[in-house]
Amino acid sequence: MTVTSPPSETQVSFDHRRINLEAHDSVYVVGDVHGCLDALETLLSTLDLGENDLVIFVGDLVRKGPESEAVVERIRASPQLISVRGNNEQKLIDGTATLEEFGPSVQAYIESLPIAISWDGGLVVHGGLEPSRPLTAHSSEELLTMRAPNGDGYDGPFWFDEYDGDPRVFFGHTVLEQPLDGEWAVGLDTGCVYGGRLTAYDVRREAFVSVPADEHLHRDEEKIVATGER
(Lines give C-alpha, C1' and ligand atoms only; values in the text may rest on other atoms or scores of the structure.)
Protein backbone atom coordinates (compact mmCIF):
# COMPACT_ATOMS: atom_id res chain seq x y z
CA MET A 1 0.00 0.00 0.00
CA THR A 2 1.27 3.48 -0.79
CA VAL A 3 0.49 6.75 0.99
CA THR A 4 0.91 9.70 -1.30
CA SER A 5 3.36 12.51 -0.53
CA PRO A 6 2.33 14.85 2.30
CA PRO A 7 -0.60 17.00 1.14
CA SER A 8 -1.11 20.68 1.58
CA GLU A 9 -2.67 21.95 4.80
CA THR A 10 -5.98 22.49 3.00
CA GLN A 11 -6.31 18.77 2.23
CA VAL A 12 -6.21 17.46 5.80
CA SER A 13 -8.42 17.92 8.84
CA PHE A 14 -5.55 18.45 11.28
CA ASP A 15 -2.89 21.12 11.85
CA HIS A 16 -0.12 20.18 9.44
CA ARG A 17 2.97 22.29 8.77
CA ARG A 18 5.49 22.09 5.94
CA ILE A 19 9.19 22.92 6.21
CA ASN A 20 11.81 23.42 3.55
CA LEU A 21 14.47 20.84 4.32
CA GLU A 22 16.94 22.52 1.97
CA ALA A 23 16.86 25.69 4.08
CA HIS A 24 18.78 23.92 6.87
CA ASP A 25 22.27 22.48 7.04
CA SER A 26 21.45 19.59 9.38
CA VAL A 27 18.01 18.33 10.43
CA TYR A 28 17.43 15.99 13.36
CA VAL A 29 14.26 14.25 14.55
CA VAL A 30 14.18 13.44 18.28
CA GLY A 31 12.12 10.90 20.23
CA ASP A 32 9.87 11.31 23.27
CA VAL A 33 11.50 13.47 25.96
CA HIS A 34 8.81 13.11 28.68
CA GLY A 35 10.17 15.82 30.95
CA CYS A 36 13.74 14.47 31.03
CA LEU A 37 15.63 17.76 30.91
CA ASP A 38 19.08 16.36 31.71
CA ALA A 39 18.92 13.89 28.82
CA LEU A 40 17.64 16.62 26.50
CA GLU A 41 20.50 18.96 27.40
CA THR A 42 23.03 16.16 26.95
CA LEU A 43 21.62 15.30 23.53
CA LEU A 44 21.57 18.91 22.34
CA SER A 45 25.15 19.34 23.53
CA THR A 46 26.15 16.19 21.66
CA LEU A 47 24.49 17.40 18.47
CA ASP A 48 26.40 20.69 18.78
CA LEU A 49 23.92 22.58 16.63
CA GLY A 50 25.08 25.11 14.10
CA GLU A 51 23.10 28.31 13.61
CA ASN A 52 21.32 26.89 10.55
CA ASP A 53 20.45 23.45 11.97
CA LEU A 54 16.95 22.32 12.92
CA VAL A 55 15.66 19.83 15.51
CA ILE A 56 12.14 18.40 15.25
CA PHE A 57 10.62 16.54 18.21
CA VAL A 58 8.02 13.79 17.80
CA GLY A 59 5.90 15.05 20.71
CA ASP A 60 5.39 13.85 24.28
CA LEU A 61 7.73 16.51 25.56
CA VAL A 62 5.82 16.38 28.84
CA ARG A 63 4.54 14.19 31.69
CA LYS A 64 6.04 11.10 33.38
CA GLY A 65 9.47 12.72 33.86
CA PRO A 66 10.38 15.34 36.49
CA GLU A 67 10.83 18.57 34.52
CA SER A 68 8.05 19.00 31.98
CA GLU A 69 7.88 22.79 32.23
CA ALA A 70 11.65 23.19 31.89
CA VAL A 71 11.67 20.96 28.80
CA VAL A 72 8.91 23.00 27.16
CA GLU A 73 10.61 26.28 28.04
CA ARG A 74 13.90 25.01 26.64
CA ILE A 75 12.35 24.04 23.32
CA ARG A 76 10.07 27.02 22.81
CA ALA A 77 12.91 29.45 23.58
CA SER A 78 14.79 28.47 20.40
CA PRO A 79 13.55 28.82 16.81
CA GLN A 80 15.84 25.90 15.95
CA LEU A 81 13.75 23.53 18.10
CA ILE A 82 10.21 22.65 16.98
CA SER A 83 7.80 19.85 17.83
CA VAL A 84 4.65 18.10 16.79
CA ARG A 85 1.97 17.36 19.38
CA GLY A 86 1.98 14.07 21.25
CA ASN A 87 -0.86 12.30 22.98
CA ASN A 88 0.40 13.61 26.33
CA GLU A 89 0.19 17.20 25.11
CA GLN A 90 -3.30 16.41 23.85
CA LYS A 91 -4.29 15.20 27.32
CA LEU A 92 -3.31 18.60 28.73
CA ILE A 93 -5.35 20.36 26.05
CA ASP A 94 -8.38 18.12 26.62
CA GLY A 95 -8.16 18.46 30.40
CA THR A 96 -7.82 14.71 31.00
CA ALA A 97 -4.42 15.40 32.61
CA THR A 98 -2.94 18.45 34.32
CA LEU A 99 0.47 19.80 35.26
CA GLU A 100 0.14 22.35 38.03
CA GLU A 101 3.37 24.13 37.16
CA PHE A 102 2.13 25.07 33.69
CA GLY A 103 1.18 28.72 33.35
CA PRO A 104 -0.95 30.26 30.57
CA SER A 105 1.99 30.92 28.22
CA VAL A 106 3.23 27.32 28.43
CA GLN A 107 -0.29 26.01 27.92
CA ALA A 108 -0.68 28.27 24.89
CA TYR A 109 2.53 26.87 23.42
CA ILE A 110 1.30 23.30 23.92
CA GLU A 111 -1.94 24.19 22.15
CA SER A 112 0.01 25.70 19.22
CA LEU A 113 1.86 22.47 18.38
CA PRO A 114 0.83 20.94 15.05
CA ILE A 115 -0.22 17.33 14.62
CA ALA A 116 2.25 16.80 11.77
CA ILE A 117 5.35 18.40 10.26
CA SER A 118 6.43 17.38 6.78
CA TRP A 119 8.82 18.00 3.93
CA ASP A 120 9.17 16.42 0.49
CA GLY A 121 9.47 12.71 1.23
CA GLY A 122 9.24 12.97 5.03
CA LEU A 123 6.55 13.19 7.70
CA VAL A 124 6.85 13.59 11.49
CA VAL A 125 3.90 12.51 13.65
CA HIS A 126 3.70 11.21 17.19
CA GLY A 127 1.90 7.89 16.69
CA GLY A 128 1.83 6.77 13.07
CA LEU A 129 -0.39 5.95 10.11
CA GLU A 130 -2.89 3.22 9.36
CA PRO A 131 -1.23 1.56 6.34
CA SER A 132 -4.41 0.91 4.37
CA ARG A 133 -5.49 4.57 4.22
CA PRO A 134 -3.95 7.75 2.79
CA LEU A 135 -2.82 10.52 5.13
CA THR A 136 -5.81 12.62 4.12
CA ALA A 137 -8.16 9.98 5.57
CA HIS A 138 -6.64 10.13 9.07
CA SER A 139 -7.95 12.02 12.08
CA SER A 140 -5.79 13.91 14.56
CA GLU A 141 -6.47 11.25 17.18
CA GLU A 142 -5.22 8.48 14.91
CA LEU A 143 -1.96 10.27 14.13
CA LEU A 144 -1.43 10.91 17.84
CA THR A 145 -2.07 7.37 19.09
CA MET A 146 -1.62 4.88 16.22
CA ARG A 147 0.36 1.83 17.28
CA ALA A 148 -1.41 -1.39 16.28
CA PRO A 149 -4.32 -0.75 13.88
CA ASN A 150 -6.22 -3.81 15.14
CA GLY A 151 -6.22 -2.77 18.78
CA ASP A 152 -3.61 -0.07 19.36
CA GLY A 153 -1.86 -2.13 22.06
CA TYR A 154 1.52 -3.81 22.34
CA ASP A 155 0.37 -7.18 20.97
CA GLY A 156 0.81 -6.08 17.33
CA PRO A 157 0.93 -6.28 14.45
CA PHE A 158 2.23 -2.74 14.49
CA TRP A 159 1.44 -0.19 11.80
CA PHE A 160 5.13 0.12 10.87
CA ASP A 161 5.33 -3.62 10.14
CA GLU A 162 3.02 -3.17 7.16
CA TYR A 163 3.57 0.42 6.04
CA ASP A 164 5.52 0.76 2.78
CA GLY A 165 5.44 4.52 2.20
CA ASP A 166 5.67 7.05 0.67
CA PRO A 167 6.49 9.36 2.67
CA ARG A 168 9.00 8.10 5.19
CA VAL A 169 7.42 8.52 8.64
CA PHE A 170 9.34 9.55 11.76
CA PHE A 171 7.46 8.66 14.94
CA GLY A 172 7.53 8.09 18.70
CA HIS A 173 4.78 6.81 21.05
CA THR A 174 5.67 3.10 20.79
CA VAL A 175 8.55 2.35 23.17
CA LEU A 176 11.35 0.51 21.35
CA GLU A 177 14.31 -1.41 22.70
CA GLN A 178 16.42 0.10 19.92
CA PRO A 179 15.55 2.78 17.36
CA LEU A 180 13.77 1.48 14.28
CA ASP A 181 15.62 2.19 11.04
CA GLY A 182 13.16 1.17 8.36
CA GLU A 183 13.00 2.15 4.72
CA TRP A 184 9.67 3.89 5.32
CA ALA A 185 9.42 4.20 9.12
CA VAL A 186 11.90 5.55 11.67
CA GLY A 187 10.99 4.88 15.31
CA LEU A 188 12.57 7.15 17.91
CA ASP A 189 10.98 6.46 21.30
CA THR A 190 13.75 4.48 23.00
CA GLY A 191 12.31 4.77 26.50
CA CYS A 192 14.11 7.87 27.75
CA VAL A 193 11.91 8.24 30.85
CA TYR A 194 12.20 4.50 31.61
CA GLY A 195 15.98 4.55 31.85
CA GLY A 196 16.58 3.88 28.17
CA ARG A 197 18.05 6.46 25.82
CA LEU A 198 17.03 9.73 24.18
CA THR A 199 17.51 9.26 20.46
CA ALA A 200 17.85 11.61 17.49
CA TYR A 201 17.96 10.75 13.79
CA ASP A 202 20.25 12.78 11.55
CA VAL A 203 18.18 13.13 8.39
CA ARG A 204 21.07 14.25 6.20
CA ARG A 205 23.54 11.56 7.27
CA GLU A 206 20.90 8.87 7.88
CA ALA A 207 22.36 8.02 11.27
CA PHE A 208 21.18 7.82 14.88
CA VAL A 209 22.63 9.78 17.78
CA SER A 210 21.57 8.80 21.30
CA VAL A 211 22.43 9.52 24.92
CA PRO A 212 21.67 7.59 28.12
CA ALA A 213 18.90 8.72 30.44
CA ASP A 214 18.00 8.22 34.10
CA GLU A 215 15.11 5.95 35.00
CA HIS A 216 12.16 7.93 36.35
CA LEU A 217 9.50 5.27 35.80
CA HIS A 218 9.53 1.49 35.52
CA ARG A 219 8.13 -0.16 32.40
CA ASP A 220 7.34 -3.85 31.97
CA GLU A 221 9.37 -5.61 29.28
CA GLU A 222 6.25 -6.67 27.36
CA LYS A 223 5.61 -3.00 26.67
CA ILE A 224 9.01 -2.45 25.07
CA VAL A 225 9.19 -3.58 21.44
CA ALA A 226 12.29 -5.52 20.40
CA THR A 227 12.99 -3.94 17.02
CA GLY A 228 15.79 -6.42 16.28
CA GLU A 229 13.14 -9.03 15.57
CA ARG A 230 11.58 -7.06 12.73
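One-based numbering along the sequence shown.
- Within the structure, salt bridge (charged side-chain N to carboxylate O under 4.0 Å, His left out) pairs that include any residue of residues 30-50 comprise E41-R74 (at least two apart or interchain).
- Judged purely by atom type and a 3.5 angstrom limit, R204 uses its side chain to pair as donor or acceptor with the backbone of D25.
- Grouping the Ile, Leu, Val, Met, Phe, Trp and Tyr side chains by contacts below 4.5 angstrom, directly or via other members, places I75 with V211.
- Within the 4.5 Å cutoff, no side-chain heavy atoms of R17 are placed close to those of I19.
- Counting only heavy atoms from C-beta outward, the side chains of V29 and V186 never approach each other to under 4.5 Å.
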(request) Given side chain to side chain contact (heavy atoms under 4.5 Å, CB included), test H216 with K64 step by step and report yes or no. (result) CA-CA 8 Å; H216 298 288; K64 301 185 180 182; over 6 Å; no
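- Although no hydrogens or angles enter the test, the distance criterion places no donor-acceptor pair under 3.5 Å between the side chain of E101 and the main chain of E67.
- Of the N and O atoms on the side chains of S105 and R76, at least one donor lies less than 3.5 Å from an acceptor on the other residue.
- Nearest heavy-atom pair, V62 versus V72, reported as atom, atom and distance to 0.1 Å: CG1-CG2, 3.5 Å.
- Between the CD1 atom of I56 and the CG atom of L21 there is a distance of 7.5 Å, given to the nearest 0.5 Å.
- Between P157 and N150 there is a side-chain heavy-atom pair separated by less than 4.5 Å.
- Other residues, nucleotides and ligands place more than 12 heavy atoms under 6.0 Å from the CD atom of E222.
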(message) Could you go through V33 and L198, starting from their C-alpha distance and side-chain angles, then the distance that decides it, and tell me whether this counts as side chain to side chain contact (heavy atoms under 4.5 Å, CB included)?
(response) CA-CA 7 Å; V33 179; L198 183 60; 4.1 Å; yes
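- Considering every non-hydrogen atom in both S26 and D53, the closest pair reads N-OD1, 3.0 Å.
- When every heavy atom of E89 is checked against every heavy atom of L61, the shortest pair comes out as OE2-N, 2.7 Å.
- Remark: Q80 CD to L44 CG distance equals 9.5 Å, nearest 0.5 Å.
- In this structure, the separation between CD on E142 and CG on L135 is 10.5 Å, given to the nearest 0.5 Å.
- In this structure, V169 and V125 have side chains that are in contact, with non-hydrogen atoms separated by less than 4.5 Å.
- Hydrophobic clustering (ILVMFWY, side-chain heavy atoms < 4.5 Å, transitive): V27 and V30 are in distinct clusters.
- A distance of 5.5 Å separates CG of L129 from OH of Y163, quoted to the nearest 0.5 Å.
- Closest heavy-atom contact between Y154 and K223: CE2-O, 3.3 Å.
- In terms of modelled atom types and a separation under 3.5 Å, the side chain of S45 and the main chain of T42 share no donor-acceptor contact.
- No side-chain heavy atom of E69 sits less than 4.5 Å from a side-chain heavy atom of L99.
- Nearest heavy-atom pair, Q178 versus T190, reported as atom, atom and distance to 0.1 Å: C-CG2, 3.8 Å.
- One hydrophobic cluster, built from ILVMFWY side chains closer than 4.5 Å, holds both V71 and L49.
- Of all the heavy atoms in F170 and Y201, the pair that sits closest is CE2-CD2, 3.5 Å.
- Annotation: side chain of L43 is not in contact with side chain of Y28 (no heavy-atom distance under 4.5 Å).
- Note: F158 and F160 have parallel aromatic rings, judged against thresholds of 30 and 60 degrees for the angle between ring planes.
- Rounding to the nearest 0.5 Å places CG of D220 at 10.5 Å from OH of Y194.
- Not a single donor-acceptor pair under 3.5 Å links the side chain of R63 to the backbone N or O of L92.
- Under the 3.5 Å distance criterion, with hydrogens and angles disregarded, a donor-acceptor pair is assigned to the side chains of R147 and T174.
- Distance check, rounded to the nearest 0.5 Å: CD of E130 to CH2 of W159 gives 11.0 Å.
- Of the candidates Q90, R85, H173, H126, D60 forms a side-chain hydrogen bond (donor to acceptor under 3.5 Å, both in side chains) with just one, namely H126.
- Checking side-chain atoms of R197 against main-chain N and O of S210 turns up a donor-acceptor pair under 3.5 Å.
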(request) Go through the steps for S118 and H16 under the test side chain to side chain contact (heavy atoms under 4.5 Å, CB included), then give the verdict. (result) CA-CA 8 Å; S118 69; H16 163 244; 2.6 Å; yes
